[in-house]
Structures are given as structure tokens and as C-alpha cells.
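Below: the structure, in C-alpha cells.
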Amino acid sequence: MDIQTKIVKVNPFDPDNELIREAANVIRRGGLVVFPTETVYGLGASIYIERAVHRIFEVKKRPLDNPLIVHIDNVDELEKLAEDIPDKAYKLVKKYWPGPLTIVLRRAKNVPSIVSSGLPTIAVRSPAHPVAMKLIKYSESPIAAPSANLAGKPSPTKPEHVVEDLYGKVELIIDAGETLYGVESTVIDLTGRKPVLLRPGAIPVEDIEAVLSEEIEIPEYARGVSEGRIALSPGIRYRHYAPDKELIVVESADYSELNNYALKVLAVAMELKKKKLKVGIIATRETKKVYEEKGFITLVVGSRSNLYEIAHNLFSVLREIDKADIDLAVSEAFEEKGLGLTIMNRLRKASRFNIIKV
Ligand code: TXA
Ligand code: MG
């Protein structure tokens, strides 16, 4: 049964206090509010209202064993949520908060365990978005918020993505336009002796290593190549970011000879076309001509010289696959450096590991 969803437009840089107060009141009464962050839109509830947190899982159709990130507006809140906080955590927080870094720590006893799906740990971040910050402040509670998409779908970077997935299922959607980064926060586990990358995200892992002066362990599943049987970050076991149509990612060991690479991607598309399939190609500005000259539809995700642009557009393009007049999509791939690791993690998962190596 659907409920009434109110959509309010706000200025992302200087949100109207009254509108945010109204949204905070929804949270305080145990309702669900979709709000913008600098990464993607989040589906929020007060961490202290268990029924509301439970509804987050229901509404998203998210398995109950996939824990949520807790959003705070002030570093002091961290000590109410976590225990045994290592110096490393303070070092990172000082550098990156507010911003797209999530840290996993030991959970404090007073935090309802449903937030962490029963794990002894808790994931926390302080978002750098004026709307999110004000909403948390006025709610007078940390806000548990996964990305505001249906489980398995690409995360929402535009208000229309949220409407597609959650209209009629939440009390309020705050529309503040397109989000800045377009990919989710980087998640680092700080509970062990060595920091572990649980999910590559908007901050390149190399940058975090430089701040810590320490190597961060990058498990296979963080690269998006294996499902990861160890339930360190349970979210990695489930289907993620996937369009309904088939997506094939064409990977190479070397992208420096770009024209050669594009010709190999083209060859994959040509083979599929022979089977009477209408193929779309996720391409870059540098390569799209190669495919368009042969009559293929292209979805341009950005320029290879600017991985931020590619990350910013990626989820939107993944959603376009299902809307475009094509039967399936073939995507170019990127070197796993900097944001390239984040992009490849998302692409591999979106393809359900449907990868061709050339
Ligand atoms: O940028 C973001 O992080 C966005 C915005 C809304 O803040 N949020 C987001 O949440 O991406 P979600 O739920 O879609 O992804 C959270 C990830 C999942 O992979 C989950 O398994 C992991 O963080 N996670 C949460 N709590 C954890 C914990 N205690 N231990 C390990 N992993 C955890
Ligand atoms: Mg998500």
C-alpha cells in the first residue's frame, strides 16, 4: 500500500530553515525522509527509532543483514556511537569530515543493533552537504541512511531516480538537484590491526593511505571482482547497481593505446550485432566516434581525462541502459587507479561479473 509522498525543492547551498525543520519533524516522528548528500541521495530515519530503521529495510527491499551507515553533523557525536576509537580514526576524521569517508568502528552499546544488522561494529560518516547537515542538526539525532534506491539498483544521483524507486513509499523527498560526486563514500574498516577497504568510493584509497602513512588492505571484493565470502561488509554479497538489461564490461590490461582498445570493444559489439541484438555502447568522449561511425548507439559517460566526471555520470548512465532503445549494453572499462578503482567496482557489479577480457 502506497502512502502520500511530499516532494519539496530546496536550494542545495542555502536550504530554507522552515523546509528542513518540517523534514526534521518527519524524522523525529519516526518517518522516512530522502535527502541529498554530496555523494548520492540517502533514505534516512532516526537511529533511535527502531521501527523507522526497520522500515528503511522494508522500503528498499534490503536484506536485513546488510548494515546501514550512520550520519552525524558533528565529530563529537562519534564518541556516543563508537567505542575503542583508534588514533587513526581521528586522523582521518580531521582530514576528511565532513566528507565522503565512512569509517567502521566498534559499536557503542546504546546504539540499536538493527542499525548494524546485529554486527558489533558501526559505520559512521559526516556528510558534506548543507541540506544533510541541517537535517541531522534539526532532527537532534544521528540519521541512519542507505542510498535511496531499491536494493540492487544504481544509487540515485538525481531526484528523478529517487521518485522512480521510492515515490509512494516515504513521507518526504527533499529535491536539491543532482548530487556532486555521484558515487558513494569510501568505506574503511578500522577495527583490525590493519585498515581494510570495504568499499572504494568518492575518495581514492591512495589519498587515504597518504594521510595514514600506512597501507590499506584491498580485498578482492573491494575491486568488485569476487563476491567475497567473508561477511566483513555484508552488502558486497548482494546484486548491486544492476540495470535490468544485460551489461557486458570489456576490460583490458592496458588502455594507453586507446584507439586499439576501442577497436576491440567495437569487435565485441559487432559480434553481438550479428546475433540480431541492438547493442548500445557506454563510451567516453575520446572514443565514441569509433562506435558511432559503425552505427552503434552510444551513452557517453564522460572524458577519460576526468575520472570525477565519469564517476559523477556513471549511475545515471546505468539507469539509461534500461530506457534506451537497445537490447543490451557493452561498456568500456578503466584503469584501477584512483577513482578508477571505484568506477570498476561499480561497473563489474552492475554487469553481475559479465566481463570480457581483451
Ligand atoms: O555515500 C554514501 O555512503 C551513501 C550516502 C547516502 O551517505 N550511503 C550508502 O549507504 O551508500 P549504503 O547502505 O548504500 O551502503 C553502505 C555500505 C554497505 O556496503 C554496507 O554493507 C556497509 O556500508 N556497512 C555499513 N555498516 C557496516 C558495518 N558495520 N560493517 C561493515 N560494513 C558496513
Ligand atoms: Mg547502496
Side-chain angles (χ1 to χ4, degrees), residues 33-45 47 53 56-57 59-73 81-82 96-108 111 113-129 131-133 135-136 142-157 161-162 165-166 174 179-192 195-203 219 221-222 224 227-228 230-242 311 315 342 345-346 349-350:
V33 173
V34 175
F35 63 98
T37 79
E38 76 280 34
T39 56
V40 300
Y41 275 83
L43 167 61
I47 64 162
V53 176
I56 290 180
F57 289 91
V59 156
K60 267 188 72 105
K61 301 195 169 70
R62 181 180 179 109
L64 273 164
D65 66 353
N66 189 3
L68 308 176
I69 294 173
V70 175
H71 296 67
I72 57 177
D73 70 328
L81 301 171
Y96 288 112
W97 282 6
L101 174 74
T102 296
I103 52 175
V104 173
L105 302 166
R106 313 275 322 159
R107 175 164 54 90
V111 179
S113 79
I114 182 171
V115 172
S116 297
S117 300
L119 292 175
T121 54
I122 185 160
V124 187
R125 89 174 187 99
S126 182
H129 193 296
V131 173
M133 291 165 101
L135 178 66
I136 299 163
I143 293 180
S147 50
N149 52 284
L150 291 174
K153 294 252 235 141
S155 299
T157 58
H161 302 157
V162 175
D165 283 14
L166 299 181
I174 304 178
T179 60
L180 179 65
Y181 287 96
V183 288
E184 306 90 335
S185 60
T186 303
V187 183
I188 306 274
D189 182 352
L190 295 175
T191 60
V196 180
L197 178 70
L198 298 182
R199 178 179 73 184
I203 302 174
Y221 61 75
E227 287 284 65
I230 315 159
L232 272 176
S233 190
I236 59 191
R237 288 201 312 271
Y238 299 104
R239 173 186 294 181
H240 261 136
Y241 315 113
F315 288 149
T342 305
N345 167 294
R346 306 302 189 269
K349 289 182 175 188

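Just follow the structure's listing: the first ligand is 1, and inside any ligand the first atom is 1.
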**Item:** Any His71 heavy atom less than 4.0 Å from ligand 1
**Value:** yes

**Asked** For Thr121, does its backbone N or O pair with a side-chain atom of Ser116 as donor and acceptor, under 3.5 Å?
**Response** yes

**Asked** Is there at least one pair of N or O atoms, one from Thr102 and one from ligand 1, spaced under 3.5 Å apart?
**Response** no

**Complete:** Here the atoms of ligand 1 under 4.0 Å from any heavy atom belonging to Thr121 are 28 (C), 29 (N), 30 (N)

**Message:** Any heavy-atom pair between the side chains of Arg346 and Arg199 that's under 4.5 Å?
**Reply:** yes

**Prompt:** Who's closest to atom 8 (N) of ligand 1 heavy-atom-wise, of Ser117, Ala145, Ser185?
**Reply:** Ala145

**Message:** Within less than 2.8 Å, report the number of protein N/O/S atoms around the Mg ion (ligand 2).
**Reply:** 1

**Item:** Contact atoms of ligand 1, heavy-atom distance to Leu198 under 4.0 Å
**Value:** 31 (C), 32 (N)

**Message:** Need the ligand 1 atom indices (1-based, order shown) with element for anything under 4.0 Å from a heavy-atom of Ala123.
**Reply:** 25 (C), 26 (N), 27 (C), 29 (N)

**Prompt:** Tell me, do Leu81 and Ile47 make a side-chain contact under 4.5 Å, heavy atoms counted?
**Reply:** yes

**Request:** With heavy atoms only and a cut-off of under 4.0 Å, state how Leu68 meets ligand 1: side chain, backbone, both or neither.
**Result:** backbone

**Asked** Is there a side-chain contact between Arg106 and Pro120 (heavy atoms, below 4.5 Å)?
**Response** yes

**Asked** Any nitrogen or oxygen of Arg199, main chain or side chain, under 3.5 Å from a nitrogen or oxygen of ligand 1?
**Response** yes

**Message:** Under a 3.5 Å distance rule, please check whether Lys349 uses its side chain to pair with a backbone N or O of Ala242 as donor and acceptor.
**Reply:** no

**Prompt:** Among Val196, Ile69, Val183, which one has a heavy atom closest to atom 23 (O) of ligand 1?
**Reply:** Ile69

**Prompt:** Going from CG on Leu68 to CD1 on Ile114, what distance comes out if it is rounded to the nearest 0.5 angstrom?
**Reply:** 8.0 Å

**Message:** Go through it in stages, so that I can follow the logic: the residues are Tyr181 and Val40, the test is side chain to side chain contact (heavy atoms under 4.5 Å, CB included), and I'd like the CA-CA distance, side-chain angles, deciding distance and then a yes or no.
**Reply:** CA-CA 7 Å; Tyr181 287 96; Val40 300; over 6 Å; no

**Item:** Region of Arg107 that comes within reach of ligand 1 [heavy atoms, distance under 4.0 Å]
**Value:** neither

**Asked** What are the atoms of ligand 1, with element, lying closer than 4.0 Å to any heavy atom of Thr39?
**Response** 1 (O), 2 (C), 4 (C), 5 (C)

**Message:** For Tyr241 and Phe315, take the angle between the two ring planes, folded into 0 to 90°, and tell me which bin it lands in: parallel under 30, tilted 30 to 60, perpendicular over 60.
**Reply:** parallel

**Request:** Heavy atoms only: give me the nearest Gly182-Thr157 pair and the separation to one decimal.
**Result:** O-CG2, 3.4 Å

**Prompt:** Are any of the side-chain nitrogens in Glu38 or Arg125 under 4.0 Å away from the carboxylate oxygens of its partner?
**Reply:** yes

**Asked** Quick check: does Ser116 get an N/O under 3.5 Å from an N/O on ligand 1?
**Response** no

**Prompt:** Can you check whether Gly201's main-chain N or O pairs, donor with acceptor, with Thr186's side chain at less than 3.5 Å?
**Reply:** yes

**Message:** Can you confirm, on distance only, whether ligand 1 has an N/O atom lying under 3.5 Å from any N/O atom belonging to Tyr41?
**Reply:** no

**Message:** I'd like to know whether ligand 1 has Glu38 as a neighbour, heavy-atom separation below 4.0 Å.
**Reply:** no

**Request:** Answer whether the closest heavy-atom distance between the side chains of Ser147 and Pro156 falls below 4.5 Å.
**Result:** yes

